K.L.:
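Dropping the structure in here first, questions after.
As the structure is a computational prediction, the values presented were derived from the model and not from experiment. For the numbers below, each heavy atom of this structure counts, side chains included, while hydrogens, waters and symmetry mates do not.
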Amino acid sequence: MTPDGPADPPVRRGPLDPRLLRYARATRGFLAVQAAIVLAQSGVIVGFAWVVSRALTGAIGGAPVGELLSLVAAGAALVLVRGVLIAASERVSAAGAARASLQLRAALIAAVEKLGPTWLSQRSTTALAVTAGHGLEALDAYFGRYLPQLVATAITMPIVIVAILLADPLSAVIVVLTMPLIPIFMVLIGLATGAVQRRQFDTLTTLATRFADTVQGLGTLKIFGRQHRAADSIDEVTGRYKHETMSVLRVSFLSGFALEFLASISVAIVAVTIGFRLLDGEMVLLVGLFALLLAPEAYLPLRQVGAQFHASAEGMAATSGIFAVLDAARAQGGRTRAVTAPTAEGGALLTARGLRVPRGERMIGPIDLDVRAGEVVLLEGASGAGKSSVIAALLGFAHAEGEISGGARAAIAWMPQRAGLLSGTVAENVALGADTPDAVLVARCLTDAAAGDVDAGIVLGAGGAGLSGGQAQRVALARALYRLRATDARVLVLDEPTSALDTDTEAQVWASVRAAADAGAGVLLVSHRPSARAIADRRVAVASVLVLPAEVPQ
């Protein structure tokens, strides 16, 4: 599942998705170091097999004790070197996995910031949180175990096969002919594993979304007596998640058995052929032992890739959601963006010329807009005409065509349609972005936003839990007023600031908005309330038209 909803069927990109190298650049150096370690390990494996074969045949043939001791010492040294290389590989894998995960998480956060709140409001934030949290954590197994083993398979397996070929061509032929059985079964089992793992991750996302929605609407559910039904729904999804988890485990154990069985049968075939040829005198013991010791090492990388594939499958399932966001941000970088200039023209604080904002199959505008100091400009239009999209374009949150001057975010104090309050005190929400809230200014802004009855010291929960809808809206207005008065912002942008207020409270808010304009600020207002016209100096109509799909900017 992507943050947009259910994921499309995954596109087969091979064992290593090239987008991983693009978005997590630490993976490149990590894989290069792993390749060097694996190359050394491969040499140690071949050398150890040769030393052990020499030692065994020497002991059987009555070689001098000194020669045997030197071979044993050499074998022990190779074992020690292999242990050091394995430890180094694990250390490099852990460090590389941590760096790559951090880079992906940073890229994901940057992508969400680039896409902006308009994009985010159309997605499931809970699904995105699961992807950024649990999904990226699950990638540790992918980076730390699966990718290193993939490198080991690509390097060690050919080296071992070549070593067997040089010693005993027939054994090498048997290994090459039987080896495809393992990847064939890996693909078949992998398809099943990928399917059940995606179902498990999708169910986890559904469970998280259902739980978040239930908590958010718990008050409403209790009022209507539906809280038990919501709890039963969560319990049902939890049971489904348990079932999907057990399915993943069943497939994983089945695949492990199948891979071990195939590898064992293949090694047994090599051993039987070597045994018969030794009995017939067609092969010397040294060569037979050397080929027999290397045969399991030829199959081992493939077996371990299969095992690590299952360990990393959950992280691989999460990559669809991660890359969906990163690809969306990358694609948006090439779309048309309105030309911006730091200074507005003609003494206006904020201007827009020929502004056109794409919204699905509709195009909003073109719109010409001027917001001057001391005036209130009202954006009017039918519900869904695109007034909030115009504001998003002015703030740089949405791509648009045309020219925008004075639209830097630092120059705008914005109140969105949704309050967007955070966990913390009311004062911290009002002074959002300030290192130390100014208590006097916070109290003044709350009073001017008709929220003087709200205690600035109240601690809010997630999403502003603890306040009513009208109170949250007024606190959001106080936050915009605080930014206007405490920073260099000159333009106050308000998106439906009174939609949840009664008539008397609305009149107080309009008086404060008018006072802000009279004090020198420029006010851009979006409101469906007829009373908003009374404080507006000018009105600008917003409309959208249906365009052909080919005309919609991509």
K.L.:
Nearest 0.5 angstrom please: Trp414 CH2 to Leu394 CG, how far?
P.N.:
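With rounding to 0.5 Å, CH2 (Trp414) is 11.5 Å from CG (Leu394).
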K.L.:
Using only atom types and a distance under 3.5 Å, with no angle test, would you say the side chain of Arg356 pairs donor to acceptor with the backbone of Gly402?
P.N.:
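Such a contact is absent between Arg356 side chain and Gly402 backbone.
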K.L.:
Hey, mind stepping through Leu104 and Leu326 against side-chain contact (heavy atoms from CB on, under 4.5 Å) and telling me if it holds?
P.N.:
CA-CA 9 Å; Leu104 272 183; Leu326 298 179; 3.9 Å; yes
K.L.:
Below 4.5 Å, heavy atoms only, C-beta onward: do Thr498 and Leu477 meet side chain to side chain?
P.N.:
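No, every pair of side-chain atoms sits at 4.5 Å or beyond.
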K.L.:
Side chains of Tyr23 and Asp327: any donor to acceptor distance under 3.5 Å?
P.N.:
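The criterion, which ignores hydrogens and geometry beyond distance, is satisfied for Tyr23 and Asp327.
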K.L.:
Hey, does the side chain of Ser233 reach the backbone of Arg229 with a donor-acceptor pair shorter than 3.5 angstrom?
P.N.:
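Between the backbone of Arg229 and the side chain of Ser233 there is no qualifying donor-acceptor contact (under 3.5 Å).
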K.L.:
Any side-chain heavy-atom pair from Ser93 and Arg145 closer than 4.5 angstrom?
P.N.:
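Not touching, per the 4.5 Å side-chain cut-off.
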K.L.:
Is Arg474 reaching over with its side chain to a backbone N or O of Val509, donor-acceptor style, under 3.5 angstrom?
P.N.:
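Side chain of Arg474 to backbone of Val509, a donor-acceptor pair under 3.5 Å: no, none is there.
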K.L.:
Check for a donor-acceptor pair, side chain of Lys387 on one end and backbone N or O of Leu525 on the other, with a separation under 3.5 Å.
P.N.:
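Not confirmed, Lys387 side chain does not pair with Leu525 backbone.
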K.L.:
List the atom of Ala532, the atom of Leu378, and the distance in Å for their closest heavy-atom pair.
P.N.:
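The answer is CB-CD1, 4.2 Å.
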K.L.:
Which heavy atom of Gly374 sits nearest to which heavy atom of Asp537, and what is that distance?
P.N.:
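Here Gly374 and Asp537 meet closest at O-OD2, 3.9 Å.
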K.L.:
Would you compute the distance between atom CD of Glu403 and atom CG of Leu355 and round it to the nearest 0.5 angstrom?
P.N.:
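Here the rounded value is 10.5 Å.
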K.L.:
Looking at side-chain heavy atoms only, is the closest gap between Phe397 and Pro416 below 4.5 Å?
P.N.:
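They are not in contact (no side-chain heavy atoms under 4.5 Å apart), so the answer is no.
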K.L.:
Specify the closest pair of heavy atoms between Ile322 and Leu108, including all atoms of both residues, with the distance to one decimal.
P.N.:
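That closest heavy-atom pairing would be O-CD1, 4.1 Å.
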K.L.:
Other residues, nucleotides and ligands only: do more than 12 of their heavy atoms fall within 6.0 Å of CZ on Arg538?
P.N.:
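Correct, the count exceeds 12.
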K.L.:
Pick from Leu369, Ile367, Asp370, Ile404: which one makes a side-chain contact (heavy atoms from CB on, under 4.5 Å) with Arg353?
P.N.:
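Testing each of Leu369, Ile367, Asp370, Ile404 against Arg353, the sole residue satisfying side-chain contact (heavy atoms from CB on, under 4.5 Å) is Asp370.
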K.L.:
Where is the tightest heavy-atom contact between Asp438 and Tyr482, given as atom of each residue plus distance?
P.N.:
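That closest heavy-atom pairing would be N-OH, 3.0 Å.
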K.L.:
Rounded to the nearest 0.5 Å, what's the gap from CG on Leu492 to CG on Leu484? Could you check?
P.N.:
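One gets 5.5 Å once the value is rounded to the nearest 0.5 Å.
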K.L.:
Between Asp368 and Gly354, is there a donor-acceptor pair closer than 3.5 Å when you use the side chain of the first and the backbone of the second?
P.N.:
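Judged by distance alone, yes, a pair lies under 3.5 Å.
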K.L.:
Just verifying a value: how many Å separate Ser389 OG and Arg362 CZ, rounded to the nearest 0.5 Å?
P.N.:
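Going from the OG atom of Ser389 to the CZ atom of Arg362 covers 11.5 Å.
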K.L.:
Rounded to the nearest 0.5 Å, what separation is found between the CG atom of Leu524 and the CG atom of Asp495?
P.N.:
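Interatomic distance, Leu524 CG to Asp495 CG, rounded to 0.5 Å: 9.0 Å.
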K.L.:
Taking the side chain as everything from C-beta on, heavy atoms only, tell me whether Val523 gets closer than 4.5 Å to Val371.
P.N.:
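No, side chains not in contact.
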K.L.:
Does atom CD of Glu236 have more than 12 heavy-atom neighbours from other groups under 6.0 Å away?
P.N.:
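For Glu236, atom CD is crowded (more than 12 foreign heavy atoms under 6.0 Å).
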K.L.:
Test Val493 against Leu395 for side-chain contact (heavy atoms from CB on, under 4.5 Å), laying out the working first.
P.N.:
CA-CA 10 Å; Val493 178; Leu395 290 166; 5.5 Å; no
K.L.:
Atom CG in Leu446, atom CG in Leu441: separation rounded to 0.5 Å?
P.N.:
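Interatomic distance, Leu446 CG to Leu441 CG, rounded to 0.5 Å: 9.5 Å.
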K.L.:
Have a look at Ser499 and tell me which of Gln417, His528, Gln473 forms a side-chain hydrogen bond (donor to acceptor under 3.5 Å, both in side chains) with it.
P.N.:
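Among Gln417, His528, Gln473, the one meeting side-chain hydrogen bond (donor to acceptor under 3.5 Å, both in side chains) with Ser499 is Gln473.
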K.L.:
Only pairs under 3.5 Å count here: list side-chain donor-acceptor contacts from residues 448-461, not counting sequence neighbours, and write none if there are none.
P.N.:
residue, atom, partner, partner atom, Å
Asp448, OD2, Arg485, NH1, 2.9
Asp448, OD2, Arg485, NH2, 2.8
Asp455, OD1, Gly457, N, 2.9

K.L.:
Of all the heavy-atom pairs spanning Met363 and Pro358, show the shortest one and how long it is.
P.N.:
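For Met363 and Pro358, the tightest heavy-atom pair comes out as SD-N, 3.6 Å.
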K.L.:
Work out which heavy atom in Val357 is nearest to a heavy atom in Ala400; give both atom names and the distance.
P.N.:
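Minimum heavy-atom separation between Val357 and Ala400: CG2-CB, 3.9 Å.
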